[in-house]
There are 2 protein chains.
Amino acid sequence: MNIGQASKATGVTAKMIRYYDEIDLVRPASRTDSNYREYDDRQINELRFIKRARSLGFSMDEITQLLSLWRDRGRPSREVKAIADRHVADLDARIAEMQAMAETLRHLSHCCAGDDRPDCPILADLTEGKEPSDPVRRRPSFNR
Amino acid sequence: MNIGQASKATGVTAKMIRYYDEIDLVRPASRTDSNYREYDDRQINELRFIKRARSLGFSMDEITQLLSLWRDRGRPSREVKAIADRHVADLDARIAEMQAMAETLRHLSHCCAGDDRPDCPILADLTEGKEPSDPVRRRPSFNR
DNA sequence: CTTGACCTTCCTATCATGGGAAGGTCCATT
DNA sequence: AATGGACCTTCCCATGATAGGAAGGTCAAG
């Protein structure tokens with residue numbers, strides 16, 4: 001299986017498959033004489049694994065750990081669970097943060113006439129340099 | 001007021017103040033003879049405005065729009081409200097996405113013994129290349 | 001006049017992702 | 001066998017908001 005077929009089989013773009021190779025996350029099973037990457041079932045499954053993990057919001061770093069546990073037949077499920085639980089806590093924290101933002105804005109928007117006049121509680125709020133509860137902080141690997 | 005004082009007054013790092021200058025978001029009121037940036041109350045308020053807007057999760061793009069409305073005394077509050085409402089919808093969508101991830105993981109984790117044995121429903125789920133409901137997609141400007 | 005704290009510009013990196021160029025390879029159809 | 005198109009390779013560049021650091025100029029207090 002070359003990279004195009006692997007891409008079709010997993011839904012991971014060829015670009016990303018090359019990237020995973022580059023960062024040593026998933027290396028091709030071999031190279032053909034003409035230097036084409038060759039993937040077999042093992043790698044295909046790993047790519048699917050990554051795709052699914054990514055869709056659950058795991059960071060690349062967490063995925064690296066998960067993948068190494070997945071490869072280790074003797075892993076203790078405790079370790080996997082720990083990663084997942086940490087990730088859930090992380091998600092929950094970010095959800096709460098965004099909910100707070102949304103609530104604040106809903107309130108401000110509710111108080112805004114939304115007509116032709118310039119008076120606007122939303123701008124008023126932004127203008128009073130109130131300190132936000134916390135500086136906004138988001139995880140490195142959860143971008144884009 | 002030079003950049004260091006502006007930074008102290010607003011909580012925005014000098015680095016970022018220079019960046020906002022560079023991208024024409026907030027330019028210094030003037031430059032001293034020795035080329036130091038000088039800020040006055042106007043810019044200080046704008047920097048506070050940006051900080052607060054950022055803490056509410058607005059993208060730089062939205063902030064650009066909000067700032068231009070804020071500068072426009074005759075703006076219709078309708079436009080401000082529209083931006084805020086769009087942003088709230090956006091937040092809600094991302095919240096829902098993350099909640100779905102968290103729910104899925106909570107379920108899987110709940111089913112995982114978390115002991116010394118290797119069997120793990122979390123890894124099992126990642127292994128079955130189930131397609132995720134939607135490819136994960138996040139907004140450009142909401143990074144880090 | 002020196003020292004240290006500040007300012008300036010310029011360059012580098014992040015991280016996952018994609019776009020594109022230049023050039024090699026494979027296969028099916030003339 | 002030659003051609004053409006679809007594929008592969010590597011390499012470079014960009015993103016967005018943010019930070020780190022180097023090299024050099026400026027200011028104010030001692």
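Source: prediction; values computed, not measured.
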**Item:** Derivation and outcome, salt bridge (Lys or Arg N to Asp or Glu O under 4.0 Å), residues A:Glu79 and A:Arg75
**Value:** CA-CA 8 Å; A:Glu79 294 189 22; A:Arg75 81 236 151 195; over 6 Å; no

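- At the phosphate of C:dT17, OP1 or OP2 sits under 4.0 Å from a side-chain N or O atom of A:Tyr20.
- Neither OP1 nor OP2 of D:dG16 sits under 4.0 Å from any side-chain N or O of B:Ser59.
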**Request:** Assign a letter to each nucleotide of nucleotides 25-30 of chain D from its 5' end: B, base within under 4.0 Å of a protein heavy atom; S, sugar-phosphate only; -, no contact.
**Result:** BBS---

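- We find that CG of A:Asn2 is positioned 11 Å from C1' of C:dT25, with the value rounded to whole Å.
- A donor-acceptor contact under 3.5 angstrom links the side chains of B:Ser30 and B:Glu38, judged on distance only.
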**Prompt:** Can A:Asp92 and B:Arg106 be said to form a salt bridge (Lys or Arg N to Asp or Glu O under 4.0 Å), step by step?
**Reply:** CA-CA 11 Å; A:Asp92 286 345; B:Arg106 249 188 280 277; 2.8 Å; yes

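- Ion pair A:Glu22/A:Arg18 not flagged as a salt bridge, since none of the NZ, NE, NH1 or NH2 atoms sits closer than 4.0 Å to an Asp/Glu carboxylate oxygen.
- One atom, CD of A:Gln5, and another, P of C:dC26, lie 13 Å apart when rounded to the nearest Å.
- Put simply, A:Ile3 and A:Tyr36 are part of two different groups of oily side chains (I, L, V, M, F, W, Y) that touch within less than 4.5 Å, one to the next.
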Close N or O pairs between protein and nucleotides 9-13 of chain C (under 3.5 Å):
from  : atom 1 : to      : atom 2 : distance (Å)
C:dT9 : OP1    : B:Arg31 : NH1    : 3.2
C:dT9 : OP1    : B:Arg31 : NH2    : 3.2
C:dT9 : OP2    : B:Arg37 : NH1    : 3.0
C:dT9 : OP2    : B:Arg37 : NH2    : 2.8

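- Which of C:dC7, C:dG18, D:dT18 sits closest to the side chain of B:Tyr19 comes down to D:dT18.
- In this structure, CG of A:Leu25 is placed 12 Å from C1' of C:dA16, rounded to the nearest angstrom.
- Atom CD in A:Glu62 sits about 15 Å away from atom C1' in C:dA16, given to the nearest Å.
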**Message:** Quick one, B:Arg31 with B:Asp21, criterion salt bridge (Lys or Arg N to Asp or Glu O under 4.0 Å). Give me CA distance, side-chain angles, the key distance, then yes/no.
**Reply:** CA-CA 12 Å; B:Arg31 295 277 191 144; B:Asp21 179 4; 3.6 Å; yes

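- A:Phe58 places its CZ atom 18 Å from the C1' atom of C:dA16, with the value rounded to the nearest Å.
- Distance A:Asp61 CG to C:dA16 C1': 14 Å, rounded to the nearest Å.
- Using a 4.5 Å heavy-atom cutoff, the side chains of A:Asn45 and A:Trp70 are in contact.
- With no hydrogens or angles considered, a side-chain donor-acceptor pair links A:Glu62 and A:Ser59 at under 3.5 Å.
- Distance A:Lys51 NZ to C:dA16 P: 17 Å, rounded to the nearest Å.
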**Request:** Could you walk me through whether B:Arg94 and B:Asp90 pass salt bridge (Lys or Arg N to Asp or Glu O under 4.0 Å), step by step?
**Result:** CA-CA 6 Å; B:Arg94 282 183 295 150; B:Asp90 205 48; 3.7 Å; yes

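- The interatomic distance linking A:Met16 (CE) with C:dG19 (C1') rounds to 14 Å, in whole Å.
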